[in-house]
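Handing you a structure now.
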Amino acid sequence: MTCEELRALLDTEGEASSPAARAHLEGCRACSREVERWRLAQAALRELGREPAPPFLHARIMAHVRAEAPGSRPAAWLRGWRAPALAAVGAAVVILGLGLYRAVTPPPVTPVAEVADSREKAAAPEPASGFDKGAAGPPAPAAVVADRVATAARRQEAADGTPPAAEEKHVLAAAAAVPTAGIAAAAGEPARDELGAAAPAATEAMAPRASADLAGPAPGVAGETRGGAPAVGTLRAAERQVAGVVRCRLQLEGGGDVVEVDLPAEGAPLPEEVWSVTFSPDGRIEVLDAFGRTRQAPALLQQGLSQTQRQQLRLGRYRLSQAPVPATPAP
Amino acid sequence: MPWWVSSRAATLEGEVSLARLRARDEAAFEELVGRHEREIFQLARRLLGDREEALDATQEVFLRVYRGLPRFRADASLRTWIWGIALNVCRSRLASAARRLQQRLAPLETVDAEGEESPLPLPDPAPGPEQAAYGAELRDALELALASLTPEHREAVVLRDVQGLEYEEMAAVLGCPLGTVKSRLGRARAALRQALEGVWR
């Protein structure tokens, strides 16, 4: 076997272990050295393949896919959630039943089908059109959300020098639009129409706070979503953003410690966005957003965390996301 | 077949149930993503040579997978199909990166419009003689060497030596006969060894 043949064998097989090759290697220092180098290179190549993926990879992929529904409308995507929707409807029926039981005089019962129907409408508020109206109209809360989304898009544009792709805008839009419906569905909270119109007695009996919330703020909001049936969660999230402060939750990765911190809306993750925060032993705080870009939140976090919270905080990597809106509204 | 049997079968086979995926079952899709996201990210990371770009590419891959599932014919394995999509996404990203670079260089140089495959736009590695052949420095040198290969050669080395695919899997993913895979891999490794020449002194 010649040196050339040996190198060809090394390249095609990735090794030179045949008897003929071994015989050649015994008498050829140059080739032995080359084989040894290739062995090292191969080990290093395998090592390259073990570079850890960023922790937010999964969330980022799923956010993108969730924004992608038939026709790129989150509303359509929500239709895929049949099982959870049924469960939510089931929960609503149970709660409704409880309310009816508590009420002294039995009010007219809402047919289940009707509840299901209006729930579905409430859960699919047509975010695209709501957006446009919100941006054009007076600074109603939904417009503020839209504005934040636009700001986030601009920030990103500034960060990487290229305008965000259309798809990325969808994600941002969806990040703002989806959770509003999500909150209502997850909390099993009834939308305004079904209870307000169909079963007033039950509303009073089971959810006085929810109706108080609805009566209060933002008269312009009803126009932002289709059918004038904004989910309760929509209003609360929007109200919070008007105040300019977003309550966020820091949760130690792998479970455990949870700390809540109020951040200025500008320096906080968008709804359904999860950022990664690392507290290092040397006092450094690193914040990466869902797109893997460094965020200027450390200073804000320092201010937002109380002295006690900071002392109790364990070092490590945390997930930073908006905290669920508390059930008790501000007085 | 009751659902627990079919999901067990899917687990045994190591893949998510296609029926559930086609039915736009989100939980199933999330499971699919969880299964493949890391290796697709690694693949993109090595083919594109840039972490950010790889993140974007990985995202695009799964978006295309999601869109394409209804059209997916089960004549290839789901994994092979996803890897094929990943290769296409990386190729088109490399091509547009090369185009951007050409546009930037055009006023300064005469660019030959032969459409030759161009290597990644990275600085000349020019490893110094003092460069040790081990550890982090070998890693860096390898990254540069990989970047200096043509996309076709880089694909071959990455699929086989970084990701550890079998020849048959490579043939399926690349869509070419086994013989072509082997000869391409041979040329790719020869080019890589040559690019690493300067590192060993």
> Hey, what's the ring geometry for B:F62 with B:F29, parallel, tilted or perpendicular (30° and 60° as the breaks)?
Replying inline: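 Correct class here is perpendicular.
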> If you count heavy-atom pairs under 4.5 Å with chain B, which of A:E47, A:E34, A:R46 comes out on top?
Replying inline: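 Heavy-atom pair counts peak at A:E34.
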>> Which atoms of A:L10 are under 4.5 Å from chain B, going by heavy atoms: the side chain, the backbone, both sets, or neither?
In response: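 Both backbone and side chain.
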> Can B:E39 and B:W83 be counted as having a side-chain donor-acceptor contact under 3.5 angstrom?
Replying inline: yes
>> Between the side chains of A:E13 and B:K182, is the shortest nitrogen-to-carboxylate-oxygen separation below 4.0 Å, so that they form an ion pair?
In response: no
>> If I measure from the heavy atoms of chain B, does A:P54 come under 4.5 Å with its side chain, its backbone, both, or neither?
In response: both
> Got a salt bridge between B:E60 and B:R93, using NZ or NE/NH1/NH2 to carboxylate O under 4.0 Å?
Replying inline: yes
> Looking at B:Q42, B:R38, B:R51, which hits side-chain hydrogen bond (donor to acceptor under 3.5 Å, both in side chains) with A:E51?
Replying inline: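 Result: among B:Q42, B:R38, B:R51, B:R51 is the only option passing the side-chain hydrogen bond (donor to acceptor under 3.5 Å, both in side chains) with A:E51.
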> Charged N to carboxylate O under 4.0 angstrom, B:E53 versus B:R45?
Replying inline: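 Salt bridge between B:E53 and B:R45, a charged N being under 4.0 Å from a carboxylate O: no.
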>> Among B:L192, B:V61, B:D161, B:L196, which residue has the highest count of heavy-atom pairs closer than 4.5 Å to chain A?
In response: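 Looking at each of B:L192, B:V61, B:D161, B:L196 in turn, B:D161 comes out on top.
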> Given a strict heavy-atom distance threshold of 4.5 Å, which part of B:L43 is in contact with chain A: side chain, backbone, both, or neither?
Replying inline: neither
> Which answer fits B:V157, side chain, backbone, both or neither, if we ask what part of it has an atom under 4.5 Å from a heavy atom of chain A?
Replying inline: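 Side chain of B:V157 only, per the 4.5 Å heavy-atom cut-off to chain A.
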>> Report which part of A:R7 has an atom under 4.5 Å of a heavy atom belonging to chain B: side chain, backbone, both, or neither.
In response: both
